[in-house]
Amino acid sequence: DPNTDPTMSKTLGSRAVGGVGLVIAEMTNISAEGRITYGCTGLYKDEHVDAWRRITDFVHQNSNAKIGVQLGHAGRKASTELLFKGGEPLTADNGAWETVAPSAIPFDEGWHTPKALDREGMLALLEDYKAATKRALAAGFDLVEVHMAHGYLLSTFISPLTNRREDDYGGSLENRMRFPLEVLDAVREIWPSHLPVSVRISATDWKEGGNTPEESVEVARMLQAHGCDLVDVSAGGNIPDGEPVYGRMFQTPFADRIRNEVGVSTMAVGNIQGWDHVNTIVASGRADLCAL
């Protein structure tokens, strides 16, 4: 809670005055049920606006940096204990709440079985995204990023490993993208046209049968057609048994491919270790921004 926890203000503020061009408040939830843990922050109450405004005002008044907020819903990864207490799924005895997903598939053994979203549930979530976007604007953010990566709700719609639906929201890539694109449209409807919207994606599931780098190019094309200004290219997180190939700048090739095949701006992220890596990536045209 940015009202009561000074850590977030100090962290974002110190990074901003340190000279970066953009700081992003990550995984800020659109509803209480969309939180990973009960300690996660959000933009689902009007009182959150003033709390965030203190942070955005500090950044704008004390630096040349811009500040963005990443709007997300944890989906089947919601309702877990605080990470420093183990991060395990909550139980009925310690405050568990119902989780939702495109299909009723638990994240892992011992996890909650999520409720498969029906159309009524999807429409309610679209309203939550719109309300959070309005609050983000009122709170003074310069950018909103829609979180479609890492096994959270929208990411599980996109991946064939987690979306087993047999209706218009499952099957082909176009169908699996239908609800994520409805969310992007809802956010873009509210967010002013002169301010950017970015989308974080997982470019690969790192597992056979999952999303591939080739499909991520098509995902980026769809996002661009629906008003996405910047694709934040990450990878993995949809399943517990993916096999990522780590290394220096290990996700940059995905950002490079999307940028140069689709013609959309990208943000590279993942083991980018300093100014030399950043300059190399940007100067060689592999990405437009680098996240550390």
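Residues: numbered from 1 along the sequence shown.
In this structure, CG on Leu223 lies 6.5 Å from CD1 on Ile201, to the nearest 0.5 angstrom. For the atom pair Asn175 CG and Glu166 CD, the distance stands at 12.0 Å (nearest 0.5 Å). Rounding to the nearest 0.5 Å gives a distance of 6.0 Å between OG1 of Thr266 and CZ of Arg259. Atom CD1 of residue Ile258 and atom CD of residue Glu218 lie 10.0 Å apart, to the nearest 0.5 angstrom. Here SG of Cys40 is found 7.5 Å from CZ of Arg35. Values are rounded to the nearest 0.5 Å. Considering CG of Leu153 and OG1 of Thr162, their distance stands at 10.0 Å, rounded to 0.5 Å.
Between the side chains of Tyr44 and Arg135, no donor-acceptor pair is found at a separation under 3.5 Å. Residues Ser234 and His150 bring a donor and an acceptor atom of their side chains to less than 3.5 Å of each other. With hydrogens and angles left out, the side-chain atoms of Ser155 and Asn238 include a donor and acceptor closer than 3.5 Å. Donor-acceptor pairing under 3.5 Å is lacking for the side chains of His73 and Asp128.
For the pair Leu71 and Thr133, the minimum side-chain heavy-atom distance is below 4.5 Å. Considering only heavy atoms from C-beta on, Glu81 comes within 4.5 Å of Tyr38 through its side chain. Between Val187 and Lys130, the closest side-chain pair of non-hydrogen atoms is not below 4.5 Å. By the 4.5 Å heavy-atom criterion applied to side chains, Val146 and Met148 are counted as neighbours. Two residues are said to be in side-chain contact when any heavy atoms from C-beta on lie closer than 4.5 Å; Ile158 and Asn211 meet this criterion. At a threshold of 4.5 Å between non-hydrogen side-chain atoms, the residues Val183 and Leu126 count as touching. No side-chain heavy atom of Pro196 sits less than 4.5 Å from a side-chain heavy atom of Leu230.
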**Step-by-step side-chain contact (heavy atoms from CB on, under 4.5 Å) determination, Asp232 to His147** = CA-CA 9 Å; Asp232 179 2; His147 202 328; over 6 Å; no

Apply salt bridge (Lys or Arg N to Asp or Glu O under 4.0 Å) to residues Glu215 and Arg221 and explain how you reach the verdict. CA-CA 10 Å; Glu215 281 187 316; Arg221 289 191 205 281; over 6 Å; no

_Thr41 vs Thr28, test: side-chain contact (heavy atoms from CB on, under 4.5 Å). Steps then yes/no._
CA-CA 5 Å; Thr41 192; Thr28 303; 3.9 Å; yes

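For Gln251 (side chain) and Ala235 (main-chain N/O), a donor-acceptor pair under 3.5 Å exists by modelled atom type. Between the Arg178 side chain and the Tyr169 main chain, no donor and acceptor come within less than 3.5 Å of each other. With hydrogens and angles disregarded, no donor-acceptor distance shorter than 3.5 Å links the side chain of Ser216 to the backbone of Val219.
Using a 4.0 Å cut-off between charged side-chain N and carboxylate O, Asp168 and Arg176 make no salt bridge. Salt-bridge formation is not detected for the pair Lys207/Asp205: no Lys NZ or Arg NE/NH1/NH2 atom is positioned less than 4.0 Å from an Asp or Glu carboxylate oxygen.
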Please tabulate, one pair per line, all N/O donor-acceptor pairs under 3.5 Å involving side-chain atoms of residues 95-111, not counting sequence neighbours.
unit_1	atom_1	unit_2	atom_2	d
Trp97	NE1	Glu33	O	2.9
Ser103	OG	Arg164	N	2.8

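Within a 6.0 Å sphere centred on CG of Asp118, other residues, nucleotides and ligands contribute more than 12 heavy atoms. Within a 6.0 Å sphere centred on CD of Glu120, other residues, nucleotides and ligands contribute 12 heavy atoms or fewer. Counting heavy-atom neighbours within 6.0 Å of Leu173 CG, excluding the residue itself, gives a total above 12.
Taking the six-membered ring for Trp and the full ring otherwise, Tyr129 and Trp191 have centroids separated by 6.0 Å or more.
In the hydrophobic clustering, where aliphatic and aromatic side chains (Ile, Leu, Val, Met, Phe, Trp, Tyr) are joined below 4.5 Å either directly or transitively, Met27 groups with Ile36, Tyr152.
Screening residues 245-258 for salt bridge (charged side-chain N to carboxylate O under 4.0 Å, His left out) gives Glu214-Arg257, Asp256-Arg286, Arg257-Glu261 as the qualifying pairs, with residues at least two apart or on separate chains.
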